[in-house]
Amino acid sequence: MLTNRDANGAQETFWLLKAEPLPRYEKGVNVAFSIDDLAACTRPEPWTGVRNPQARNNMQAMRHGDLGFFYHSNAKPSGIVGILRVVEEARVDETAFDPQDPYYDAKSNREKPKWYCVGVEFVRKFDKVVDLATIKAHAAKGGSLEGMQLLTNGRLSVSRVRMDEWEYVLDLAKRQESAGTEEDTGQEKDTVP
DNA sequence: GCCAACGTTGGC
DNA sequence: GCCAACGTTGGC
């Protein structure tokens, strides 16, 4: 059984969870979920709808208290927007059993569940998005983020982040914040109509 | 809206 | 158990 905690219980593997902040309709349901939506939650948010085995395995490896990045995909710009915390370990994702649900899976049933979800809560939002272009700029050969699962397996909606990658991205976020509001590419704030 | 990357499915 | 066809993700 793989673990992401060392002997003292300190977190060794961090996470990256993707969601789409912009409205998109699946079976007539808006599947958008942004970090602002998470910040507004008053109880743990079940991270449902993950229908990829690798992403599911990553969620099952999460432990209570683990931290992860919140990533906005299909966004302007796409990138890491903040931090969340795992507060409920993996349990069966009930949405897979609901034919009305956008992520219904006829092959999953209660006797033999296929999909799981964790519960997460908001930790913080970065002043500025650490956008994908920035991440890629540090992921060139020999770069600190070379090998980040976000880039090596771009279609995984729940990926792993090594501790050194975690710290490096946090540093990028910090540098962007202290760099002031002008200049730079992603001075997106809450300026959406 | 296009399309590349890549995981999954199913026929054999 | 191989592998071609297919479906999905997600950047652009």
Leu132(A) has an atom CG; how far is it from atom C1' of dG11(C), in whole Å? 7 Å

How do Gly154(A) and Lys114(A) order along DNA chain B: which one's closest nucleotide is nearer the 5' end? Gly154(A)

Between Lys76(A) and dG10(C), is there a contact of a side-chain N or O with OP1 or OP2 at under 4.0 Å? no

Does Lys18(A) place a side-chain N or O at less than 4.0 Å from the phosphate oxygens OP1/OP2 of dG10(C)? yes

Is the closest side-chain donor-acceptor distance between Asn58(A) and Trp15(A) under 3.5 Å? no

Start with the C-alpha distance between Asp131(A) and Thr134(A), add both sets of side-chain angles, then the distance that settles side chain to side chain donor-acceptor pair (under 3.5 Å), and finish with yes or no. CA-CA 5 Å; Asp131(A) 61 58; Thr134(A) 302; 3.0 Å; yes

So do Leu67(A) and Trp166(A) actually touch side chain to side chain, heavy atoms under 4.5 Å? yes

Leu22(A) CG to dT9(C) C1', in whole Å, measures 15 Å

Go through dG10(B), dG11(C), dG7(B) for me and flag the one nearest to the Lys107(A) side chain. dG10(B)

Less than 6.0 Å separating the ring centroids of Phe70(A) and Trp47(A)? yes

Phosphate OP1/OP2 of dG11(C) contacted by Tyr71(A) side-chain N/O (<4.0 Å): yes

Regarding Arg63(A) and Thr13(A), do their side chains bring together a donor and an acceptor under 3.5 Å, going by distance alone? no

When the distance from CG of Asp105(A) to P of dT8(B) is rounded to whole Å, what number comes out? 13 Å

What is the distance, to the nearest angstrom, from the CZ atom on Arg24(A) to the P atom on dG11(C)? 12 Å

How long is the line joining CG of Asn57(A) and P of dT8(B), in whole Å? 10 Å

Could you state the CG-P distance from Asn74(A) to dT8(C), rounded to the nearest angstrom? 15 Å

Taking only the side-chain heavy atoms of Pro53(A) (C-beta and beyond), determine which of dG7(B), dG11(C), dT8(B) contains the nearest atom. dT8(B)

What integer distance in Å separates Leu156(A):CG from dA5(B):P? 17 Å

Tell me: CD1 of Ile80(A) to C1' of dG11(C), nearest whole Å? 15 Å

Out of dT9(B), dG10(C), dC12(C), minimum distance to the side chain of Lys136(A) belongs to dC12(C)

